[in-house]
Amino acid sequence: MAASASSRLLSSPSSLSWKSPLPPAFGVAVALPRSKRTVPRFVVLAMDGKPTVLVAEKLGEAGLNLLKEFANVDCSYNLSPEELCTKISLCDALIVRSGTKVSREVFESSSGRLKVVGRAGVGIDNVDLSAATEHGCLVVNAPTANTVAAAEHGIALLTAMARKVAQADASMKSGKWQRNKYVGVSLVGKTLAVMGFGKVGSEVARRAKGLGMHVIAHDPYAPADRARAVGVELVSFDEALATADFISLHMPLTPATSKILNDETFAKMKKGVHIVNVARGGVIDEAALLKALDAGIVAQAALDVFTVEPPPKDSKLIQHENVIATPHLGASTMEAQEGVAIEIAEAVVGALKGELASTAVNAPMVPAEVLTELKPFVQVAEKLGRLAVQLVAGGSGVKSIKVTYASARAPEDLDTRLLRAMITKGLIEPISSVFVNLVNADFTAKQRGLQIIEERITLDSSPESPLEFSPGSDCQRGIKICQCHFRVWGG
Ligand SMILES: NC(=O)C1=CN([C@@H]2O[C@H](COP(=O)(O)OP(=O)(O)OC[C@H]3O[C@@H](n4cnc5c(N)ncnc54)[C@H](O)[C@@H]3O)[C@@H](O)[C@H]2O)C=CC1
Ligand SMILES: O=C(O)C(=O)COP(=O)(O)O
């Protein structure tokens, strides 16, 4: 795809929609392209012309105010899963924190109306991303505003654990004065292993260095220069376990990190290790942690997060004398909650307006300069898809499409996901009841057995020069749709 001079002159790409933006006020029901479930996809607008945002957990005032400028805001906290499923069919957007499970049933119950889920925080393990993607629902999060709060809480737990602050406080409140019982351990000179050297992990590392600790980190995906910048050595998982006096967990909960601390890995740790978990309860096998505490392998654990939240009242782990616990408070500072609320409100409003979100979790994030460059081709891409369906296959049965992009950009520098999504939309929507957008395009194409072969040609001449193509040999039938920089072959 060539970047023509005129395309470079285009204004901000913010109006480039990943789906049709909400139409202006007045209509009661505006039909958008069709949903997966053969139910027409409606943006049901209230009589005041505003979409509805369901805020299912407490959100900072500043974020609520931003939302209210654009939408009707329904703050309904503590909904049961059934109540959430009932309400969701009346909502265009849903905002949650970590306490609400946004399950497949929620997306199914929305009957295609839910367009965006905003996670007012970082971890998106409580949102069924596959179901969201399959339903063409964008998921956005607020990845930066609570970083410092989570890191500060990690340090608070680390220091409180080392000096048994919580236990000593409880003892004093019960009328005792036990100076000999609550002797702690020092942090200075001890080795802290930060597991997951992302935003929170690196802030914890910085602060721990300030406390005089020797900090190492394990993160298979962290760039070495990030570690160098903080003055931290990146080590293997086993080395981190074997050398750490303190281990602080900061990785997301994924299938790969689920129960990453378990019987086997506790056995590799130094006897008397201290564990901090401000990440997710599920990264620790809690039964194994209890055993390791009883065996003295783990001297103490400080936990902010739990596999089941809230955990059972009689949880042996929480009752353990060498465990201190907080009820998932990592992000709970006034400052972080205001910041998160604004970050998520802006992302949700932007998504409802049809803008591409920079914090999208289940859709490609296309940089602004690429959007500017692609903008003139977005509609063309969809139209070519529609034309291909009609001309090539007479309305059905397109199984394979070859798209050739010619651009002055090097092939590896050419992000085609947006155009591919628009071609897929053009190919599939006219002949089915499926609603296609940037979120679900690749999934939908794969599900329907539609193969999209992409070819990139690097232009060294002016992008305005027309290109001649020869028919692709792997396609049974081909049509030259336009003699410019974009051609579709279908068979
Ligand atoms: N307790 C609380 O209130 C809060 C908890 N969190 C949790 O902390 C997690 C981290 O947050 P951020 O630092 O903002 O995310 P991030 O995405 O900046 O960092 C996560 C890091 O973990 C790394 N990672 C992934 N798999 C790994 C593995 N197998 N082993 C080691 N490292 C691995 C990634 O490469 C990345 O660098 C979130 O996913 C969330 O679950 C975040 C904020 C508040
Ligand atoms: O941002 C995160 O991942 C958190 O765990 C914070 O959760 P919360 O929004 O406080 O329920």
Side-chain angles (χ1 to χ4, degrees), residues 55-60 63 77-78 95-102 117-127 129 139-157 193-206 216-227 230 232 234-241 244 247-262 265 276-284 302-307 309-310 325-341 343-344 359 361:
V55 179
E57 289 179 72
K58 194 158 171 23
L59 195 69
Y77 308 145
N78 304 317
I95 295 183
V96 296
R97 289 179 60 185
S98 61
T100 305
K101 294 263 168 294
V102 190
V117 172
R119 161 62 173 111
V122 185
I124 29 82
D125 45 286
N126 55 324
V127 180
L129 283 184
V139 179
V140 289
N141 70 349
T144 60
N146 67 22
T147 301
V148 167
E152 287 178 348
H153 197 59
I155 294 292
L157 288 178
V194 171
M195 312 297 271
F197 196 66
K199 293 185 292 297
V200 178
S202 41
E203 289 303 322
V204 165
R206 271 197 191 93
I216 56 174
H218 168 70
D219 187 328
Y221 316 106
D225 56 351
R226 186 191 300 159
V230 184
V232 163
L234 281 175
V235 299
S236 70
F237 183 63
D238 280 354
E239 190 180 341
L241 296 187
I247 293 178
S248 195
L249 301 169
H250 300 288
M251 67 269 276
L253 177 60
T254 64
T257 62
S258 174
K259 297 191 178 173
I260 199 164
L261 297 195
N262 52 42
T265 51
V276 179
N277 188 6
V278 190
R280 281 293 178 272
V283 302
I284 299 183
L303 308 173
D304 182 48
V305 282
F306 306 89
T307 306
E309 293 186 359
T326 49
H328 201 146
L329 293 180
S332 295
T333 63
M334 311 283 280
E335 296 83 353
Q337 281 313 306
E338 280 304 287
V340 161
E343 198 175 6
I344 204 63
T359 59
V361 175

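The basis for the numbers below is simple: all heavy atoms, side chains too, and nothing from hydrogens, waters or symmetry mates. One-based numbering, in listed order, for ligands and for the atoms of each. We count residues from 1, following the sequence as given.
The shortest N/O to N/O separation between Asn146 and ligand 2 falls below 3.5 Å. Backbone and side-chain nitrogen or oxygen atoms of Val305 are examined, and none is located within less than 3.5 angstrom of a nitrogen or oxygen of ligand 1. Polar contact with ligand 2: present for Gly123 (N/O pair, distance under 3.5 Å). Considering backbone and side-chain N/O of Ala331, none are found under 3.5 Å from N/O of ligand 2. Between Thr147 and ligand 1, a contact under 3.5 Å exists for no N or O pair.
Which of Glu309, Arg119, Gln337, Arg97 comes nearest to atom 10 (O) of ligand 2 through a heavy atom is settled by distance: it is Arg97. Of the candidates Ala279, Gly196, Gly330, the one placing a heavy atom closest to atom 7 (C) of ligand 1 is Ala279.
Under 4.0 Å from ligand 1, not a single heavy atom of His153 appears. Counting heavy atoms closer than 4.0 Å to ligand 1, residue Met251 contributes atoms from both its backbone and its side chain. At a heavy-atom distance under 4.0 Å, atoms from both the backbone and the side chain of Val200 approach ligand 1. Contacts with ligand 1 closer than 4.0 Å are made by heavy atoms of both the backbone and the side chain of Val278.
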Hey, mind stepping through Val204 and Ile155 against side-chain contact (heavy atoms from CB on, under 4.5 Å) and telling me if it holds? CA-CA 7 Å; Val204 165; Ile155 294 292; 4.2 Å; yes
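Listed by atom number, the atoms of ligand 2 under 4.0 Å from His328 heavy atoms are 4 (C), 5 (O), 6 (C), 7 (O).
The shortest heavy-atom distance from Gly330 to ligand 2 is not under 4.0 Å.
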